[in-house]
Amino acid sequence: MKKTIIFSAIALCFSLGTVNAKSANFNVENHNVVKAFKVNSFCVSIAKGDIETVKKLLSLGEDVNQKSNGMTPVMYAAKYNRTEILQLLIAKGADLKAKSDKEKTAADYAKLHGATDAYAIIEEALSKK
């Protein structure tokens, strides 16, 4: 009998604790959601220095001059000093004179980020054209 009363009291406490619970309804109609980054997987692979993925994506037809987040793939290679990838992109026809949405070239990004090896490769490639 005592057990029944104790269990009933515990059940009553739990039921009273949840009686006032309400489901939350939020109105999100007036909020705009903006992506912070819009970088494609090709440029992410370049930034990480994953040359195998870069080669694979190029063999699948990835455009070496398509902008991602306002920058071309060669700009990412220059910015992160990915010299081997940079040479590959140049060999595949990357436009070294293209400008980003911030009006900077690949050489500008290399210089800005202290990527001296990438800057030298770009200057050499530009002098040959």
Side-chain angles (χ1 to χ4, degrees):
M1 180 80 160
K2 286 183 183 180
K3 287 182 184 179
T4 306
I5 294 173
I6 291 173
F7 284 128
S8 298
I10 291 172
L12 182 62
C13 288
F14 281 119
S15 66
L16 290 177
T18 59
V19 166
N20 292 325
K22 296 179 184 177
S23 62
N25 293 326
F26 296 105
N27 183 4
V28 292
E29 292 176 20
N30 296 328
H31 297 286
N32 293 327
V33 177
V34 179
K35 284 185 178 179
F37 297 102
K38 300 173 190 167
V39 181
N40 65 24
S41 59
F42 185 53
C43 291
V44 169
S45 299
I46 293 168
K48 288 182 176 181
D50 186 358
I51 192 157
E52 294 305 317
T53 302
V54 171
K55 286 179 181 178
K56 192 175 288 186
L57 289 171
L58 284 172
S59 70
L60 294 172
E62 192 69 46
D63 183 5
V64 295
N65 292 311
Q66 180 182 6
K67 286 186 179 180
S68 177
N69 199 26
M71 294 169 51
T72 63
V74 76
M75 292 173 191
Y76 283 98
K79 178 179 178 178
Y80 293 103
N81 205 30
R82 307 296 185 203
T83 56
E84 191 175 358
I85 295 172
L86 181 60
Q87 290 170 336
L88 177 64
L89 293 172
I90 292 170
K92 294 287 185 178
D95 182 7
L96 295 174
K97 295 180 181 179
K99 292 195 176 195
S100 69
D101 291 354
K102 294 181 180 181
E103 296 297 315
K104 295 192 182 307
T105 64
D108 294 334
Y109 280 105
K111 200 172 188 179
L112 182 67
H113 292 278
T116 55
D117 296 335
Y119 185 77
I121 291 168
I122 294 167
E123 288 300 308
E124 181 182 339
L126 287 171
S127 69
K128 290 180 181 178
K129 290 184 178 185

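For reference, positions follow the sequence shown, starting with 1.
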What are the two closest non-hydrogen atoms of Ser68 and Cys43, and how far apart are they?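 Where Ser68 meets Cys43 most closely, the heavy atoms are CB-SG, 3.7 Å.
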One pair to check against side chain to side chain contact (heavy atoms under 4.5 Å, CB included): Leu58 and Val64. What are the steps and the verdict? CA-CA 8 Å; Leu58 284 172; Val64 295; 3.4 Å; yes
Test of understanding: with side-chain hydrogen bond (donor to acceptor under 3.5 Å, both in side chains), list the residues that count as partners of [X], not counting sequence neighbours.
{"X": "Ser100", "answer": "Tyr109"}
{"X": "Lys67", "answer": "Asp101"}
{"X": "Ser45", "answer": "none"}
{"X": "Tyr76", "answer": "none"}

How far does [atom1] of [X] sit from [atom2] of [Y], to the nearest 0.5 angstrom?
{"X": "Ile122", "Y": "Asp117", "atom1": "CD1", "atom2": "CG", "result": "11.0 Å"}
{"X": "Ile46", "Y": "Met75", "atom1": "CD1", "atom2": "CE", "result": "11.5 Å"}
{"X": "Ile121", "Y": "Thr116", "atom1": "CD1", "atom2": "OG1", "result": "9.5 Å"}

Treat each ILVMFWY residue as a node, draw an edge where side-chain heavy atoms are under 4.5 Å apart, and state whether Val39 and Leu112 are in one component.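 No, Val39 does not connect to Leu112 through the hydrophobic network.
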Taking a hydrophobic cluster as the set of Ile, Leu, Val, Met, Phe, Trp and Tyr residues connected by side-chain heavy atoms closer than 4.5 Å, whether directly or through intermediates, do Tyr119 and Met71 fall within one such cluster?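 As far as the 4.5 Å side-chain criterion goes, Met71 and Tyr119 are not connected within one cluster.
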Would you confirm whether Asn65, through its side chain, and Asp95, through its main-chain N or O, come within 3.5 Å as a donor-acceptor pair?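 Present.
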What residue pairs, at least two apart or across chains, pass salt bridge (Lys or Arg N to Asp or Glu O under 4.0 Å) with a residue in residues 41-63?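 Non-adjacent pairs meeting salt bridge (Lys or Arg N to Asp or Glu O under 4.0 Å): zero.
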Asp108/Thr105 under side chain to side chain contact (heavy atoms under 4.5 Å, CB included): CA gap, chis, key distance, verdict: CA-CA 5 Å; Asp108 294 334; Thr105 64; 3.2 Å; yes
Please tabulate, for side-chain N and O atoms in residues 78-93, each donor-acceptor pair with protein atoms closer than 3.5 Å (sequence neighbours left out).
{"from": "Asn81", "atom 1": "OD1", "to": "Ala118", "atom 2": "N", "distance (Å)": "3.0"}
{"from": "Arg82", "atom 1": "NE", "to": "Ala47", "atom 2": "O", "distance (Å)": "3.0"}
{"from": "Arg82", "atom 1": "NH2", "to": "Ala47", "atom 2": "O", "distance (Å)": "2.6"}

